[in-house]
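Here the structure comes first, spelled out in structure tokens, and everything after it is commentary.
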Amino acid sequence: MQFNFPVRALLARLAVILGGLLVIYILCVGAFSTVAKQSYRAPETAPATDQARAACMAEALVQPLEEELDSLFGWLPNDLFLVPRIIDNKTSYQRGVVYATRQASDVLAKAIARYGDRDTVPALLVSATSRDFAYAENVWGWWAIYNSEKRYRDGIDKWRQWASLVDSDNKKQAQIYNLTTNNVVEIINWANSQMEFTLGVLNDVKVGHFQSDDVIYYVKGVCRVVDNVLEGLVQCDSSLVERGGKENVEEVLRRFHMISQFNPVYVVAGSYGVGDSFWPNHIAAMARHIDIVSNRLTDIARTMEK
């Protein structure tokens, strides 16, 4: 007995169904993904011990990245079938988050996890920085060891493991937490360098109308991490407010909050080359917030260096 299945018709229907499911998925990602109102989650109690401060700084660092990994549709830059190109706002935001996380991990590991510049950085944090967070954001694979998500989660776990070992009774595994005024200034200078980097991205004359939204949300992702690190620093070291100036610190955090809220219905470059268009210039608006943050961070660093 022979069966004459209409193979071509079946394949055509299957292709239509798969295409329809992909379109529905992309629409859902676009409708339910958010790139606004993310905020720092402070510890329930003020950190009073070195271990608590280490945990506070570790959490401040990894919160933004973990938040994206745990979001409704997860990590988008390594999604397949053109999803990252179509849902480019959220994808650009996540790329900004991981970029700044890499930089912050390196700076914090050297600033808070050793006594001096000649001491070695803990192996856990070296691995997290140079092996896990450095992994490309667009890697996808059948096995968990090959994809970006697995490596980033490994880096997050290593930072938390390091914090749990600070002042441990186990002498072989015990880690240290050490934050001096010089270290605070170093972190502030790093934060300022990130602001200068984002200003460079925003001021790129090659950015056209259809790239402006990608630039805006990439910058928002970078700012999210910088804001988190600074908020954690405020929790762990009172000298930032006492010596850097309460007004300066409050204005920096206020501007970061405004950047987090910044989410136009449609991003308009407003004749970016000249800036005299009838339409608003969202790139210039974002740059204004960042410029103010940079100026305040410069004031804080100069005051604390005296």
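These numbers were taken from a predicted model, which means no experiment stands behind them. Heavy-atom basis, side chains included; hydrogens, waters and symmetry copies ignored.
The two atoms that bring Phe133 and Val98 nearest to each other are O-CG2, 4.3 Å, heavy atoms only. The heavy-atom pair separating Ala113 from Ala109 by the smallest distance is CB-O, 3.3 Å. Of all heavy-atom pairs spanning Leu202 and Ile283, the tightest one is O-CG2, 3.4 Å. Of all non-hydrogen atoms in Asn192 and Ser294, the two that sit nearest each other are OD1-OG, 2.7 Å. In plain terms, the two heavy atoms of Met304 and Arg243 that are nearest each other are O-NH2, 2.9 Å. Minimum interatomic distance between Leu240 and Leu230 (heavy atoms only, all atoms of both residues): CD2-O, 4.3 Å.
A distance of 8.0 Å separates CD in Gln103 from CH2 in Trp190, rounded to the nearest 0.5 Å. Interatomic distance, Leu179 CG to Leu233 CG, rounded to the nearest 0.5 Å: 6.0 Å. The distance from the CG atom of Leu65 to the CZ atom of Arg102 is 9.5 Å, given to the nearest 0.5 Å. One distance of note links CD of Gln173 with OG of Ser164; it measures 9.0 Å at 0.5 Å rounding. To the nearest 0.5 Å, atoms CZ (Phe256) and NZ (Lys220) are separated by 12.0 Å. A distance of 7.0 Å separates OG of Ser92 from CG of Asp213, quoted to the nearest 0.5 Å.
The number of heavy atoms from other shown groups lying within 6.0 Å of CG (Asp70) is above 12. Counting non-hydrogen atoms of neighbouring residues, nucleotides and ligands closer than 6.0 angstrom, the CD atom of Gln261 exceeds 12 such neighbours.
The hydrophobic clustering, which links ILVMFWY residues whose side-chain heavy atoms are closer than 4.5 Å, places Ile290 and Tyr99 together. Tyr40 and Ile188 fall into different hydrophobic clusters, defined by Ile, Leu, Val, Met, Phe, Trp and Tyr side-chain heavy atoms under 4.5 Å apart, directly or through other members.
Side-chain N/O atoms of Trp159 and Ser105 include a donor and acceptor closer than 3.5 Å. Side-chain N/O atoms of Asn228 and Glu59 include no donor and acceptor closer than 3.5 Å. When only modelled atom types and interatomic distance are considered, Asn263 and Tyr217 share a side-chain donor-acceptor pair under 3.5 Å. Inspection of the Asn295 and Thr298 side chains reveals no N or O donor paired with an N or O acceptor under 3.5 Å.
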Fill in: Verdict with reasoning, Ile112 to Trp162, per side chain to side chain contact (heavy atoms under 4.5 Å, CB included)
CA-CA 11 Å; Ile112 68 176; Trp162 165 80; 3.9 Å; yes
Practice prompt. Would you sort out whether Gln38 and Gln63 count as a side chain to side chain contact (heavy atoms under 4.5 Å, CB included), showing the intermediate values?
Written response: CA-CA 10 Å; Gln38 293 90 345; Gln63 272 179 18; over 6 Å; no
Worksheet entry | Leu124 vs Leu165, side chain to side chain contact (heavy atoms under 4.5 Å, CB included): CA-CA, chis, key distance, verdict | CA-CA 11 Å; Leu124 280 169; Leu165 293 172; 4.1 Å; yes
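Taking a cutoff of 4.0 Å between a charged side-chain nitrogen and a carboxylate oxygen, Arg296 and Asp291 do not qualify as a salt bridge. A salt bridge does not link Asp154 with Lys158: none of the charged nitrogens is closer than 4.0 Å to a carboxylate oxygen. A salt bridge links Lys110 with Asp106: the distance from a Lys NZ or Arg NE/NH1/NH2 to an Asp or Glu carboxylate oxygen falls below 4.0 Å. Salt bridge Arg53/Asp50: present, at least one basic N to carboxylate O contact under 4.0 Å. Look at Arg254 and Glu251 and you find a salt bridge, because one of the NZ, NE, NH1 or NH2 atoms lies within 4.0 Å of a carboxylate O, short of that distance.
In this structure a side-chain-to-backbone donor-acceptor pair under 3.5 Å is missing from Ser127 to Ala123. Without hydrogens or angle criteria, Arg131 side chain to Ala134 main chain gives no donor-acceptor distance under 3.5 Å. Side-chain atoms of Thr198 come within 3.5 Å of backbone atoms of Met195 as a donor-acceptor pair (strictly under, hydrogens ignored). Without hydrogens or angle criteria, Gln194 side chain to Cys223 main chain gives no donor-acceptor distance under 3.5 Å. Panel note: side chain Arg255, backbone Arg288; no donor-acceptor pair is recorded below 3.5 Å. The closest donor-acceptor contact from the side chain of Ser239 to the backbone of Glu242 lies at 3.5 Å or more, if one exists at all. Side chain of Asn78 to main chain of Val139: a donor-acceptor pair is present (N/O by atom type, distance under 3.5 Å, no hydrogens or angles). Between the side chain of Arg153 and the backbone N or O of Leu69 there is at least one donor-acceptor pair closer than 3.5 Å. Judged by distance alone, with hydrogens and angles left aside, the side-chain atoms of Gln175 form no donor-acceptor pair with the main-chain N or O of Asp167 at under 3.5 Å. In terms of modelled atom types and a separation under 3.5 Å, the side chain of Thr303 and the main chain of Gly244 share no donor-acceptor contact.
In this pair, Phe262 and His282 present their aromatic rings perpendicular. The plane angle is above 60°, beyond the 30 to 60° band.
Shown here are the ring-ring contact (aromatic ring centres under 6.0 Å, His included) partners of Tyr152, two or more places apart in sequence or in another chain: Trp75.
When hydrophobic residues (I, L, V, M, F, W, Y) are linked wherever their side-chain heavy atoms come within less than 4.5 Å, the members clustered with Tyr115 are Ile176.
Side-chain contact between Asn178 and Arg114 is absent, with no heavy-atom pair separated by less than 4.5 Å.
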